[in-house]
Amino acid sequence: QVQFVESGGGLVQPGESLRLSCTGSGSGVGVPYYAIGWFRQAPGKEREGVSCIQRGGAIVNYAESMKGRFTISRDNAKNTVYLQMNSLEPEDTAVYYCATPKEAYYCPGSGSQSEFHYWGQGTQVTVSS
């Protein structure tokens with residue numbers, strides 16, 4: 001069974017940084033075998049795509065508002081995909097999730113959550129002064 005666990009969230013001030021991790025768990029094959037996407041969901045809003053990284057490292061970015069501030073990367077040896085978030089703003093406050101595309105190996109062109117599955121439980125990021 002494919003499972004992912006997010007970690008690294010917390011409370012930070014505007015302008016600070018966080019690095020989120022998405023690690024494979026469970027009895028199934030792990031992160032190295034899948035493309036992995038990061039999403040976020042703010043209170044009262046729909047879940048939106050942030051970025052996705054394919055097995056070979058090719059990246060698809062879904063959100064212009066985060067471009068240049070958020071960077072996705074992967075370390076297959078550590079069974080982990082990261083989301084480095086810099087220059088955080090209060091508008092970045094959300095629960096952040098990782099998941100794998102239903103196509104498994106390729107990041108879809110759109111950041112629609114309907115194209116992803118095997119969601120983790122999420123990690124809360126709060127940006128506040």
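What you see is a predicted model, and the numbers here were worked out from it, not measured in a lab.
- One side chain, Ser114 or Ser112, offers a donor N or O that lies under 3.5 Å from an acceptor on the other.
- Contact check for Leu20 versus Glu6: no side-chain heavy atoms found under the 4.5 Å cut-off.
- Here the CD-CH2 distance, from Glu48 to Trp38, works out to 14.0 Å after rounding to the nearest 0.5 Å.
- Contact check for Phe70 versus Leu88: side-chain heavy atoms found under the 4.5 Å cut-off.
- From Met66, atom CE reaches atom CG of Asp92 across 7.0 Å, with rounding to the nearest 0.5 Å.
- In this structure Ser129 satisfies the side chain to side chain donor-acceptor pair (under 3.5 Å) test with no other residue, sequence neighbours excluded.
- Residues Ser73 and Gln84 have side chains that never bring a donor and an acceptor to within less than 3.5 angstrom of each other.
- Annotation for Gln121 and Val5: closest pair OE1-CA, 3.9 Å, computed over non-hydrogen atoms.
- No donor-acceptor distance shorter than 3.5 angstrom exists from the side chain of Arg74 to the backbone of Gly56, with no hydrogens or angles considered.
- Within the structure, every pair that satisfies the disulfide (SG to SG under 2.5 Å) test and touches residues 50-97, not counting sequence neighbours, is listed here: Cys52-Cys107.
- Ser87 pairs by the side chain to side chain donor-acceptor pair (under 3.5 Å) definition with nothing, not counting sequence neighbours.
- For Ser7, there are no side chain to side chain donor-acceptor pair (under 3.5 Å) partners at least two apart in sequence or on another chain.
- Contact of the Pro90 side chain with the Ser128 side chain is not registered, since no non-hydrogen atoms from C-beta on lie closer than 4.5 Å.
- Counted within 6.0 Å of CD on Glu103, heavy atoms from surrounding residues, nucleotides or ligands total 12 or fewer; the atom is thus considered open.
- Considering only residues two or more places apart in sequence or on other chains, Ser65 meets the side chain to side chain contact (heavy atoms under 4.5 Å, CB included) condition with Arg40, Ala63.
- By the 4.5 Å side-chain criterion applied to Ile, Leu, Val, Met, Phe, Trp and Tyr, Phe116 is assigned to a cluster that also includes Phe39, Val60, Tyr62, Val95, Tyr97, Trp119.
- Residue pairs meeting the disulfide (SG to SG under 2.5 Å) criterion with at least one member in residues 65-98, sequence neighbours excluded, are Cys22-Cys98.
- In this model, a donor atom of one side chain and an acceptor atom of the other lie less than 3.5 Å apart for Asn61 and Ser51.
- Other members of the hydrophobic cluster containing Tyr105, listed by chain and number, are Tyr106; membership follows side-chain contacts under 4.5 Å among ILVMFWY residues, whether direct or relayed.
- For Glu64, the salt bridge (Lys or Arg N to Asp or Glu O under 4.0 Å) partners at least two apart in sequence or on another chain are Lys67.
- Taking Lys102 as the reference, nothing meets the salt bridge (Lys or Arg N to Asp or Glu O under 4.0 Å) condition, with sequence neighbours excluded.
- We find the OH-CD distance between Tyr96 and Gln41 to be 12.0 Å, quoted to the nearest 0.5 Å.
- Contact check for Arg19 versus Leu83: no side-chain heavy atoms found under the 4.5 Å cut-off.
- Smallest separation of non-hydrogen atoms from Ile36 and Ile72: O-CD1, 3.8 Å.
- Residues that satisfy the side chain to side chain contact (heavy atoms under 4.5 Å, CB included) test with Ala104, not counting sequence neighbours, are Tyr34.
- When all heavy atoms of Pro101 and His117 are compared, the closest pair comes out as O-NE2, 3.7 Å.
- Linking Ile, Leu, Val, Met, Phe, Trp and Tyr residues whenever their side-chain heavy atoms come within less than 4.5 Å leaves Leu18 and Leu11 in two separate clusters.
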Start with the C-alpha distance between Thr126 and Thr93, add both sets of side-chain angles, then the distance that settles side-chain hydrogen bond (donor to acceptor under 3.5 Å, both in side chains), and finish with yes or no.
CA-CA 5 Å; Thr126 302; Thr93 295; 5.2 Å; no
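- Annotation: side chain to side chain donor-acceptor pair (under 3.5 Å) contacts of Ser17 (sequence neighbours excluded): Asn86.
- Cluster membership check: Val81 shares its hydrophobic cluster with Tyr118, using side-chain heavy-atom separations under 4.5 Å among Ile, Leu, Val, Met, Phe, Trp and Tyr.
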Take Phe4 and Thr23, measure what side chain to side chain contact (heavy atoms under 4.5 Å, CB included) needs, and give me the verdict at the end.
CA-CA 5 Å; Phe4 302 109; Thr23 302; over 6 Å; no
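- With hydrogens and angles disregarded, no donor-acceptor distance shorter than 3.5 Å links the side chain of Asp75 to the backbone of Thr80.
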